[in-house]
Amino acid sequence: MTSAWQPRPDLWTLDPDVLHLNHGSWGAVPRRVQELAARLRAEGEANPPAWFRSLPERVAAARSSLARSLGADEDGFALVPNASTGVTVALETVPLRPGDRILVTDHCYGAVRFAAERFARLRGATVVEVPVVLSASADEVVAAVSSAVSAPRGVAVALVDQITSSTATVFPVDRLVAACRAAGVPVIVDGAHGPGLLDSPVPAGADFWTGNLHKWSCAPRGSAGLVVAREWRAATMPPVVSWSEHADLPGRFDWQATADYVPWLAAPSSLSVLDELGWPAVRSAVSGLVADGAALVAKAIGGAVPDLADPAPTMRLVELPSFVRVEDKAAEEALRVRIARDARAEVNVAMFGGRSFLRLSAHAYTSAHDFELLAARLPALL
Ligand SMILES: Cc1ncc(COP(=O)(O)O)c(C=O)c1O
């Protein structure tokens with residue numbers, strides 16, 4: 001196992017009795033950022049009217065700082081509470097007529113696919129799913145999407161992942177965006193896992209990109225960005241109709257009625273914590289750690305680490321042995337709960353292409369010992 005790596009459990013408030021190997025689902029917020037958020041909430045409770053008066057300026061400052069950190073054009077960078085909102089807003093904006101097709105791949109996040117299905121229902125369109133095999137090379141992913149967007153019956157909008165959820169794979173998003181644009185098809189990039197995992201998460205040329213700050217960037221939950229290409233800015237409206245209705249983008253997303261604005265205000269301090277940690281170097285150490293850890297767990301349970309062309313930097317799949325049957329969402333959740341209870345370990349369980357996997361995540365608090373303990377505890381309970 002990677003030996004030079006020194007985890008930093010002191011920065012977090014995570015329960016030391018639990019093996020935290022599912023950062024990819026809900027993130028984790030550093031202690032210092034939680035403290036800042038608590039101070040901001042206390043300030044709000046000390047004088048609510050004064051707090052709400054102070055927000056426009058503070059939200060705009062946080063927004064600009066986050067846009068700069070992500071390398072996004074500030075004029076097209078709006079704050080949203082989560083990637084699901086970002087995708088919903090984008091789907092609401094693109095024109096869809098009866099008979100139109102919305103393209104997704106079979107790696108699409110389940111709830112995002114529901115969003116595509118909702119807009120298909122509302123507009124009389126249909127969702128078409130492009131299959132991409134788990135072991136697909138970048139060229140194969142691009143070929144699958146390119147041939148679907150340039151098919152004669154055409155596609156009105158494509159929705160592609162930057163880093164897939166259940167299969168923990170980095171898609172060649174720049175090339176996918178270029179292929180969609182070449183076919184004249186607007187493209188929405190679901191970059192929920194991009195911030196914190198990719199150095200430049202905002203792809204040039206995407207019509208819409210959305211990414212969560214509350215996953216790998218460790219911001220308080222409820223902080224995400226939506227980047228809108230120039231040609232869509234006038235038409236892109238925030239999810240809640242409120243006093244900012246007649247402002248321009250991105251400012252019109254800043255005011256979403258009476259709500260909790262603390263996550264947006266505290267998000268830049270998470271990025272500072274990661275900067276101070278030297279996150280890009282830490283991330284590559286963590287990447288080695290999770291690769292070694294997954295191999296260890298796979299060996300212990302008689303499973304296998306599937307060969308992916310470009311695995312997510314800090315997540316790895318371990319295929320479950322065939323005697324462990326996970327056939328639907330309920331079984332997925334039941335196994336997650338059993339592992340949490342009996343192995344005191346938080347992991348994700350996912351199905352893809354009729355196969356079942358554990359998805360293991362690591363961040364700056366993860367140690368080799370976490371994987372060793374998981375490998376020791378799992379065989380008895382599978
Ligand atoms: C690929 C992908 N898209 C979208 C989401 C939704 O994120 P949120 O619940 O923060 O909107 C997730 C969450 O895990 C995800 O993995």
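Just so you know, ligand 1 is whichever comes first in the structure, and atom 1 is the first atom listed for that ligand. Computed from a predicted model, the values in this text were never measured in an experiment. FYI, side chains are in, hydrogens and waters are out, and symmetry mates aren't considered; it's all heavy atoms of this structure.
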S.K.: Is the shortest side-chain N to carboxylate O distance from Asp75 to Arg233 below 4.0 Å?
M.R.: no
S.K.: Can you find a side-chain donor-acceptor pair between Asp161 and Thr164 that sits under 3.5 Å?
M.R.: no
S.K.: Using non-hydrogen atoms of the residue, decide whether Arg221 is closer than 4.0 angstrom to ligand 1.
M.R.: no
S.K.: Under 6.0 Å between ring centres: does that hold for Trp26 and His214?
M.R.: no
S.K.: Below a 4.0 angstrom heavy-atom separation, can you tell me which part of Thr164, side chain or backbone, both or neither, approaches ligand 1?
M.R.: neither
S.K.: Which of the atoms of ligand 1 are close to Asp161, meaning less than 4.0 Å from one of its heavy atoms?
M.R.: 1 (C)
S.K.: Taking only Lys NZ, Arg NE, NH1 and NH2, and the carboxylate oxygens of Asp or Glu, determine whether Arg377 and Asp342 approach each other closer than 4.0 Å.
M.R.: no
S.K.: Any idea which protein heavy atom is nearest atom 7 (O) of ligand 1, and the distance to it?
M.R.: Asn212 ND2, 3.2 Å
S.K.: For the pair Arg58 and Glu43, find out whether any cationic side-chain nitrogen is under 4.0 Å from an anionic carboxylate oxygen.
M.R.: yes
S.K.: Looking only at the side chains, is there a donor atom on one of Asn22 and Ser25 sitting less than 3.5 Å from an acceptor on the other?
M.R.: yes
S.K.: Given side chains that start at C-beta, do those of Tyr261 and Pro56 come closer than 4.5 Å, heavy atoms only?
M.R.: no
S.K.: Under 4.0 Å, counting heavy atoms only: does Ala83 come that close to any atom of ligand 1?
M.R.: yes
S.K.: What atoms of ligand 1 come within less than 4.0 Å of a heavy atom belonging to Ser165?
M.R.: 1 (C), 16 (O)
S.K.: Quick check: does Lys215 get an N/O under 3.5 Å from an N/O on ligand 1?
M.R.: yes
S.K.: Would you check whether His214 reaches within less than 4.0 Å of ligand 1, judged by its heavy atoms?
M.R.: yes
S.K.: Which atoms of ligand 1 sit under 4.0 Å from any heavy atom of Asn82?
M.R.: 8 (P), 10 (O), 11 (O)
S.K.: Can you tell me the protein heavy atom closest to atom 15 (C) of ligand 1 and the distance?
M.R.: Tyr109 CD1, 3.4 Å
S.K.: Using a heavy-atom cut-off of under 4.0 Å, does the side chain or the backbone of Ser84 touch ligand 1, or both, or neither?
M.R.: both
S.K.: Could you tell me whether Glu45 atom CD has more than 12 heavy atoms of other residues or ligands within 6.0 Å of it?
M.R.: no
S.K.: Please identify which atoms of ligand 1 are closer than 4.0 Å to at least one heavy atom of His193.
M.R.: 1 (C), 15 (C), 16 (O)
S.K.: Might you confirm whether atom CZ of Arg230 has over 12 heavy atoms from other residues, nucleotides or ligands at distances under 6.0 Å?
M.R.: no
S.K.: Side chain or backbone, does Asp190 bring an N or O within less than 3.5 Å of an N or O on ligand 1?
M.R.: yes
